[in-house]
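Notes for the one structure printed next.
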Amino acid sequence: MMKHKNRKTHKTILALLSVFLLPVALAWLTLSQGWFTPGVNGHGEWVQGRIAEDSQWRLVLPVTPECESCALAEPLLNNIDLALGRDSNRVSVLRLPAGTGLETGFVYIADPPGLLIMRYPLSGDEVGDRLTGKALLGDLRRLLKFSRAG
C-alpha cells in the first residue's frame with residue numbers, strides 16, 4: 001500500500017514541475033536559438049536632445065541656407081499636417097536653424113516638454129521622402145494616441 005502512494009506522489013510532483021518548468025525551458029530555448037524576433041514599433045531613429053517647451057507636439061525641420069532637402073521637405077510636412085486630420089491642431093511644424101543636436105537632412109519629432117524623440121532622414125528624392133513621410137506619420141499618430149500632452 002505504501003509503494004502505491006509513493007508512486008502517486010512522485011507522479012504528482014513530476015506533473016507540477018513540468019507544468020511550471022516546461023514553459024520556462026521552452027521560452028529560453030526559443031530566445032537562445034533566435035526563433036523569436038521582437039516587434040519594432042518605431043520607424044525612425046531614436047535621438048536625445050532638447051528644444052524649447054511648447055504646448056504642442058512639433059515636427060522640427062533644421063534648416064541652413066544651402067540645404068536643398070529642406071526646401072523639398074516643406075510640402076512633405078504640410079501633407080503630414082493635413083493627413084493628421086483632427087489631430088493636426090496638436091502638432092505644429094517648426095523650422096529651426098541647424099546646430100546643437102539638430103542636423104540638416106532630417107525631420108525630428110519633439111514632444112511638448114521639448115524632448116526630441118525621433119528623427120527621420122530626408123533623401124531629397126520624392127519617392128524616398130514619401131516613404132519617410134508615411135513612417136513619420138505612423139509614428140506620430142501612435143505618439144498622439146497614447147499621449148495626453150499637447
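Just so you know, residue 1 is the first one in the sequence shown, and it goes up from there.
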Side-chain cluster (under 4.5 Å, hydrophobic types only) that [X] belongs to, other residues:
| X | value |
| --- | --- |
| Leu26 | Leu22 |
| Leu14 | none |
| Leu82 | none |

Main-chain N/O of [Y] paired to [X] side chain as donor or acceptor, under 3.5 Å:
| X | Y | value |
| --- | --- | --- |
| Ser32 | Trp28 | yes |
| Thr132 | Pro121 | yes |
| Arg58 | Tyr108 | no |

* **CD (Gln48) with more than 12 external heavy atoms under 6.0 Å** =>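 No, CD of Gln48 has 12 or fewer neighbouring heavy atoms, counting only those of other groups under 6.0 Å.
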* With the side chain counted from C-beta on, respond yes when Ile80 and Val91 share a heavy-atom pair under 4.5 Å apart, and no when they do not. => no
* Residue pair Asp54 / Ser92: nearest heavy atoms and the distance that separates them ->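 That would be OD2-OG, 4.3 Å.
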* **Contact list for residues 91-117, test salt bridge (Lys or Arg N to Asp or Glu O under 4.0 Å), sequence neighbours left out** =>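 For residues 91-117: Glu74-Arg95, Glu103-Arg119.
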* Please list all pairs passing the salt bridge (Lys or Arg N to Asp or Glu O under 4.0 Å) test where one or both residues lie in residues 16-30, with sequence neighbours left out. =>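 Residue pairs passing salt bridge (Lys or Arg N to Asp or Glu O under 4.0 Å), neighbours aside: none found.
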* Asp129: partners by side-chain hydrogen bond (donor to acceptor under 3.5 Å, both in side chains), with sequence neighbours left out ->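 Listed in chain order: Ser123.
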